[in-house]
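Remember, predicted model here, so these are calculated numbers, not experimental data.
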Amino acid sequence: MASPSGPLPDELRNPAPARLPAEAPGYRAICSAHEAAMARGDAVYRDPFTGLYAMTAAYLWDRGECCQSGCRHCPWLDRGSPTAER
């Protein structure tokens, strides 16, 4: 896949629905933690429920391609359906 051109598109800022659906418990808190990390320019943030680290969509976008690791915020996934995977 080619490297991205420009900043992360707004429609790719939210978690990929196939990885974290909007109705999942804690969705809003997770999105808030993610947005705060991106505003600070951090590559990762700590999930408020599990304590695990997750990479931000901006960091993944800057990498230029999907690493096939199942990242929650992968901007390279097909967002056309809630279960779509690339």
Side-chain angles (χ1 to χ4, degrees):
M1 181 168 296
S3 293
S5 165
L8 175 71
D10 285 343
E11 64 271 12
L12 301 179
R13 294 178 75 88
N14 291 327
R19 305 273 169 86
L20 184 70
E23 60 276 357
Y27 182 84
R28 287 187 179 168
I30 290 167
C31 288
S32 291
H34 177 249
E35 283 298 321
M38 289 204 310
R40 291 188 304 267
D42 295 345
V44 298
Y45 70 97
R46 189 174 288 220
D47 181 293
F49 294 95
T50 66
L52 299 174
Y53 285 97
M55 291 180 276
T56 65
Y59 171 77
L60 295 168
W61 179 254
D62 288 342
R63 288 182 64 183
E65 63 185 5
C66 180
C67 63
Q68 304 297 318
S69 294
C71 301
R72 173 185 286 167
H73 299 284
C74 183
W76 305 106
L77 292 177
D78 177 3
R79 306 280 173 128
S81 73
T83 59
E85 289 278 344
R86 200 178 258 198

Please round to the nearest 0.5 Å and tell me the distance separating atom SG of Cys71 and atom CG of Leu20.
-> 13.0 Å

So SG of Cys66 and CG of Leu60: to nearest 0.5 Å the spacing works out to 8.5 Å

Rounded distance [0.5 Å steps], CG in Asn14 versus CD1 in Ile30 | 12.0 Å

Could you list the residues that satisfy side-chain contact (heavy atoms from CB on, under 4.5 Å) with Ala43, not counting sequence neighbours?
-> Tyr59

Is a donor on one side and an acceptor on the other found under 3.5 Å between the side chain of His34 and the backbone of Ala57?
-> yes

Quick one: pull up OG in Ser32 and CZ in Arg28 and give me the separation to the nearest 0.5 Å.
-> 9.0 Å

Using the test side chain to side chain donor-acceptor pair (under 3.5 Å), find all partners of Tyr45 that sit at least two apart in sequence or belong to another chain.
-> Arg72, His73

Heavy-atom pair with the smallest gap, counting every atom of Pro15 and Tyr27 | CD-OH, 3.6 Å

Minimal heavy-atom distance between Ala37 and Val44, with the atoms involved, is CB-O, 3.8 Å

Which atoms form the tightest heavy-atom contact between Ala16 and Cys74, and what is the distance?
-> CB-O, 4.3 Å

Side chain Trp61, main chain Gly6, donor-acceptor under 3.5 Å | yes

List the steps and the verdict of side-chain contact (heavy atoms from CB on, under 4.5 Å) for Leu77 and Arg19.
-> CA-CA 10 Å; Leu77 292 177; Arg19 305 273 169 86; 3.5 Å; yes

